[in-house]
Amino acid sequence: MALISLKEIHKTYYIGGKIPVHALQGISLDIEPGEFVAIMGHSGSGKSTLLAILGLLDKADSGEYKLVDNEIGQMSEKEYAGLRSRFFGFVFQTFNLLPKLNVTNNVMLPFIYSGEDSTEKRKEALEILKQIGLGERLHHRPNEISGGQQQRVALARALSNKPLVILADEPTGNLDSKSSHEIMEIFKRLNEAGNTIIMVTHEPDIAGWASRVLTLNDGQIVNDEKRERPKVAKAVKNKLDLSGTKRRFTFGGLKNYCYEAYLSIINNKLRSVLSILGVMVGVAAVVAMLALGTGAKRNMEDAFSSLGTNVLMVRTASRSGGISLGSDAAARFNFADYAALSGLESVEYVIPYVSGRAQAVFQNKNWNTSVTGTSADYALMKKSELEYGHFFTKAEDTTRVKVAVLGQTVATELFGDANPDGRFIKINRINFNVIGVLPEQGAMGWRNLDDQIFVPVKTAMDRLMGKDYIDYFEVQVDKLGDMDAVSENLVTELLRTHRLNESDRQSFEITNMAEIQAAASSMITTLAYLLGSVAAVSLLVGGIGIMNIMLVMVMERTHEIGLRKALGAQRGDILTQFLVESVLICSFGGIVGILLGIGIFWLLSTIAQWVIFISPSSIILAFTFSVVIGIVFGMWPAWRASKLLPIVALRYE
Ligand code: ADP
Ligand code: MG
């Protein structure tokens, strides 16, 4: 029974998609086990096309192909790859060794695609290499050995999977006559050991080694000369067992891909560095921007927490540039207002404020600061735990005693590191007893909350500023939900105490601090999103860079892809290989980018004193992003590469 049987095989190419070239025109042919067939013919007669179809590197347009009685015309691409891997060994005119792999690894290549990569197989490969005289060259790269030696390595690679048929296209075309002779000797030996060989050549003396010579002309067989019967033929079962062509995913396989990706990365340093740079900048931007966004948010939350919650600010319109009521007493707050407002429903605290600037002096230290007169409730409302001493009490408040509570900045300016508690300072030349120091509160916009001295409100009005009115109130409301109702009641109450009409409502201005907080925090959130999207765009640009480089790389390696497919690589193998490579590049870029981002963060926080915050989630996010970029942007070029017909890829230069 025939090993390979072709019936009426036709193949037409279209030049430029239009002009037909009939490369094969009805080829019918039986090849017996153990034959050594030479295919001859002048250039362009269809020899290479026929060999590619025989070796399942290409598909015929029409006709029948039987491999040991199995009709394989209808098989899938994956099954073709499996058949190539199990039953065919290829030798090419240009050797087609992978330049980055050493001799041994080149010979091991088919095992990756048959899923048999093992130390046992490695021993077999070494044995074959020894037999063909390359035992000394195992660790050389292809460019370190001669052409004849390279072709012997290619032969060893073709033999490693113990194929049914060895296919060779002009195997001596690039060799001198001595090397050609050596190669033909090996072919002869292999044939005498029972191997079937089909070889394309246009040199009659090379064809002279064969036992059968086919001559092609214009895509047809014009002569078929059988010189001798095969002496030995390896036994071939009636029906081939094709089940072995299926292969599962293995971790050993993945290790191989990683190794090859690693080789490809370090062998193309500039290209790899550029891709890594692209992702790195993107990821660093993401980390730094997120840190900045979160930092801004925290900064603001801190500032607002010192304001207290559910706070309404009550001012007269004249103070805020509304309709000026001049010196009209109606426009000013007094202690009657204070008492009236405190009595309202749902009001927790009312805090009066008067403020002005003053010169504070301790011994030889002098500090110009702002003085705030307020009530004992201030500390309660701000939930301030004093650093030293205590806040003034209600009693101290009402009796106009000269006590002062210092903000952090004032305390440091006047006392340095010393404890100011119990000392006397002069405020506008009046002696005050320091009874406490407030904890640090930070900045609120342009105002430094720590650069203040607090004194009881009446002391401030009567003794320091000579004011007879209160500047404004802060009102803390029980519940957030009550704030609107309370602010209505506040105005109504003020209208009543000031004997004003309903139409004078605009004389008083109530600011809902909770609303301002919400507005500010939503602004910060928007800012964070903005920063984030800027970062995402830079990551995207990095990703497109990766895709660009992957595309070029895939094109550059199209020939290699063709070879791998000839050796049995399936689409998934090619896809995985390129994906592993781009994911490696991206995750490396990602890690470096995260480090860079943290570095930027560190610089900003130490040099520029920005408050920023790096969360682990932002790091995880950035890293995941970079891997996803690798997958997404590496996928398309890899997918394109994996789709190529092996013969098309092999022809690509
Ligand atoms: P040989 O190996 O005998 O020199 P080939 O089998 O390579 O010839 O080619 C047979 C014919 O098909 C030639 O005329 C060649 O120009 C044409 N041909 C081969 N490959 C292609 C292709 N990919 N596109 C168009 N024409 C092709
Ligand atoms: Mg050819």
Side-chain angles (χ1 to χ4, degrees), residues 311-344 347 349-361 368-382 391-407 410 425-433 435 447 451-476 487 489-501 504-511:
V311 173
L312 295 169
M313 189 186 249
V314 185
R315 288 174 295 183
T316 53
S318 58
R319 274 180 55 89
S320 57
I323 307 153
S324 173
L325 298 180
S327 57
D328 189 343
R332 292 187 166 158
F333 294 129
N334 51 37
F335 281 92
D337 294 323
Y338 181 27
L341 296 185
S342 306
L344 285 177
V347 167
Y349 302 116
V350 175
I351 298 171
Y353 286 94
V354 286
S355 53
R357 297 212 59 91
Q359 198 71 20
V361 179
N368 188 282
T369 183
S370 78
V371 172
T372 304
T374 187
S375 69
D377 289 339
Y378 178 87
L380 293 174
M381 188 173 107
K382 308 289 178 185
F391 209 79
F392 38 86
T393 59
K394 273 213 162 57
E396 286 166 325
D397 194 2
T398 45
T399 51
R400 286 189 276 173
V401 289
K402 292 179 283 181
V403 291
V405 176
L406 307 184
V410 180
I425 59 170
K426 281 189 157 71
I427 304 177
N428 287 354
R429 302 217 191 90
I430 302 168
N431 267 328
F432 273 79
N433 189 4
I435 56 167
R447 255 178 75 206
D451 191 4
Q452 287 189 85
I453 298 176
F454 290 87
V455 298
V457 60
K458 283 197 170 141
T459 316
M461 288 164 72
D462 296 351
R463 294 184 187 264
L464 277 175
M465 299 168 195
K467 273 186 182 173
D468 61 352
Y469 58 92
I470 293 165
D471 289 340
Y472 66 97
F473 295 112
E474 276 183 1
V475 176
Q476 182 167 339
S487 75
N489 290 346
L490 284 173
V491 178
T492 312
E493 184 63 18
L494 286 170
L495 288 176
R496 193 182 63 76
T497 51
H498 288 254
R499 296 203 190 83
L500 291 168
N501 301 324
D504 290 322
R505 271 193 170 265
Q506 74 273 20
S507 304
F508 302 103
E509 198 177 270
I510 310 242
T511 314

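Taking CE of Met465 as the start and CG of Asp471 as the end, the distance is 7.5 Å to the nearest 0.5 Å. Note that CG of Asp504 is 12.0 Å distant from CG of Leu494, once rounded to the nearest 0.5 Å. Taking CG of Asn334 as the reference point, atom CD1 of Ile470 lies at 7.0 Å (rounded to 0.5 Å). Rounded to the nearest 0.5 angstrom, Tyr469 OH and Thr316 OG1 are separated by 9.0 Å. The structure places CG of Leu406 at 11.0 Å from CD of Gln452, a figure rounded to the nearest 0.5 Å. Considering CG of Leu490 and CD1 of Ile510, their distance stands at 4.5 Å, rounded to 0.5 Å.
Under the side-chain contact (heavy atoms from CB on, under 4.5 Å) criterion, Asp462 pairs with Arg400, sequence neighbours left out. Qualifying ring-ring contact (aromatic ring centres under 6.0 Å, His included) partners for Tyr349, counting only residues two or more places apart in sequence or in other chains: none. Residues that satisfy the ring-ring contact (aromatic ring centres under 6.0 Å, His included) test with Phe391, not counting sequence neighbours, are Tyr378. Every residue meeting the side-chain contact (heavy atoms from CB on, under 4.5 Å) condition with Val347, not counting sequence neighbours, appears here in chain and number order: Leu344, Val350, Val475, Val486. The side-chain hydrogen bond (donor to acceptor under 3.5 Å, both in side chains) search around Asn489 returns none, not counting sequence neighbours. Glu493 pairs by the salt bridge (charged side-chain N to carboxylate O under 4.0 Å, His left out) definition with Arg496, not counting sequence neighbours. By the salt bridge (charged side-chain N to carboxylate O under 4.0 Å, His left out) test, Arg505 pairs with Glu488, Glu502, sequence neighbours left out. In this structure Asp377 satisfies the salt bridge (charged side-chain N to carboxylate O under 4.0 Å, His left out) test together with Lys394, sequence neighbours excluded. Residues satisfying the side-chain hydrogen bond (donor to acceptor under 3.5 Å, both in side chains) criterion with Thr369, sequence neighbours excluded, are Asp451. With sequence neighbours left out, Ser487 forms a side-chain hydrogen bond (donor to acceptor under 3.5 Å, both in side chains) with no residue at all. Among residues two or more places apart in sequence or in another chain, the side-chain hydrogen bond (donor to acceptor under 3.5 Å, both in side chains) test is passed with Asn431 by none. A search for salt bridge (charged side-chain N to carboxylate O under 4.0 Å, His left out) contacts involving Asp468 returns nothing, not counting sequence neighbours.
Between the side chains of Asp397 and Ser375, not a single donor N or O lies within less than 3.5 Å of an accepting N or O.
For the pair Ile435/Glu396, a side-chain contact is recorded, criterion being any heavy-atom separation below 4.5 Å from C-beta on. Residues His498 and Asp337 are in side-chain contact: their nearest non-hydrogen atoms beyond the backbone lie under 4.5 Å apart. Put simply, the side chain of Thr374 reaches to within 4.5 Å of the side chain of Phe392, judged on heavy atoms.
In this structure, Arg357 places its CZ atom where more than 12 heavy-atom neighbours from other residues, nucleotides or ligands lie under 6.0 Å away.
For the pairing with Tyr353, the ring pair (Phe, Tyr, Trp, His ring centres under 6.0 Å) check across Tyr472, Phe473, Phe454 returns one residue only, Tyr472.
Closest approach of Asn501 to Leu495, counting heavy atoms only: O-CD2, 3.5 Å. Among all heavy-atom pairs drawn from Ile430 and Arg463, the shortest one is CD1-O, 3.3 Å. Scanning both residues, Phe432 and Val455, for their nearest heavy atoms gives CE2-CG1, 3.8 Å.
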>> As a quick check of understanding, evaluate side chain to side chain contact (heavy atoms under 4.5 Å, CB included) for Phe333 and Leu341, giving each step before the final call.
In response: CA-CA 11 Å; Phe333 294 129; Leu341 296 185; 5.8 Å; no

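Of the possible polar contacts, none joining the Ser355 side chain to the Val371 backbone as a donor-acceptor pair under 3.5 Å is found. Without hydrogens or angle criteria, Asn428 side chain to Gln359 main chain gives a donor-acceptor distance under 3.5 Å.
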